[in-house]
Amino acid sequence: MACLFDSHAHEPLEEPLEDGAVILRAFALPYAQSLLSGVHQIAEAAPFRHLVTPGGYTMSVAMTNCGRVGWVSDRRGYRYDPSDPDTNLAWPAMPPAFVNLAKQSAAKAGFEAYDPDACLINRYAAGAKLGLHQDKDENDQWAPIVSVSLGLPATFLWGGRKRADPVRRIRLEHGDVVVWGGPARFVYHGVSPLKAGEHEITGDARINLTFRKVF
Ligand code: SIN
Ligand code: FE2
């Protein structure tokens, strides 16, 4: 019988999305403060910026990176770059708290020995969105994407392997982690325009970390 005072009552919930993909509800919650102070430090060295797509469209999400390489876009295309094109400096190193959470999340989802090269940091203000896309600029086509949500809630779009496949709308809250890899690695996903709000830690923003194994 379930007991109200069960020690497992606050254990994070695992919500399978499909083969190779799972939502780990509240899994990052204990690390949220430390992750956000890491983001703050990274943004001092490599400021958030609005990248331009190869098509000439300025993205509504502001981005920066940490790790051995960072994801960037400009009129020439998308790529992973070992240095920040805005400063010509190497991207800030991935803080240990980032690496630990990424490894633990991947392992929880069944992906052992995860060793991400890159962490893209997305900052959403009210109205910012990310259209349906696949993450396919990485050489490793099996290792998972580990996506950590912090701050304001968002509606995550989870589609299929084809752009036209039906899309599920999933609410992601502060501390939720989504992991997708293996058979789910190339699923189309995106984020609906962020609703304005106020979060006690991040204010008027949502911050998302996505870890990637590039090489
Ligand atoms: C991404 O697809 O790179 C980010 C997803 C998110 O912000 O939840
Ligand atoms: Fe993505």
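Computed over heavy atoms, backbone and side chain alike; hydrogens, waters and symmetry mates excluded. Just so it is clear, the structure is predicted and the values come from calculations on it, not from any experiment. One-based numbering, in listed order, for ligands and for the atoms of each.
In this structure, Phe215 CZ and Asp117 CG are separated by 6.0 Å, a value rounded to the nearest 0.5 Å.
Taking atom 7 (O) of ligand 1 as the reference point, the nearest protein heavy-atom neighbour is Tyr124 OH, 2.5 Å. Nearest protein heavy-atom neighbour of atom 3 (O) of ligand 1: Arg212 NH2, 3.3 Å. In terms of protein heavy-atom proximity, atom 8 (O) of ligand 1 is nearest to Arg206 NH2, 2.9 Å. For atom 1 (C) of ligand 1, the nearest protein heavy atom (residue, atom name, distance) is Leu130 CD2, 3.5 Å. Considering only non-hydrogen protein atoms, atom 5 (C) of ligand 1 sits nearest to Asn208 OD1, 3.8 Å.
Salt-bridge check for Asp84 with Arg49: passed, with a basic side-chain N closer than 4.0 Å to an acidic carboxylate O. Note on Glu173 versus Arg25: no salt bridge recorded, every NZ/NE/NH1/NH2 to OD/OE distance being 4.0 Å or above.
Looking at Asp135, its N, O or S atom nearest to the Fe ion (ligand 2) turns out to be OD1.
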For this session: Evaluate the side-chain hydrogen bond (donor to acceptor under 3.5 Å, both in side chains) criterion for residues Asn122 and Thr210: first the C-alpha distance (whole Å), next the side-chain angles of each, then the deciding distance (0.1 Å), finally the verdict.
Result: CA-CA 8 Å; Asn122 293 318; Thr210 50; 4.6 Å; no
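Ligand 1 places these atoms under 4.0 Å from at least one heavy atom of Asn122: 3 (O), 4 (C).
In this structure, Arg163 is not positioned above the aromatic face of Tyr188 in the sense of NZ or CZ being under 6.0 Å from the six-membered ring centre and within 45° of the axis.
Linking ILVMFWY side-chain heavy atoms closer than 4.5 Å, directly or via other members, places Val72 and Ile145 in two distinct hydrophobic clusters.
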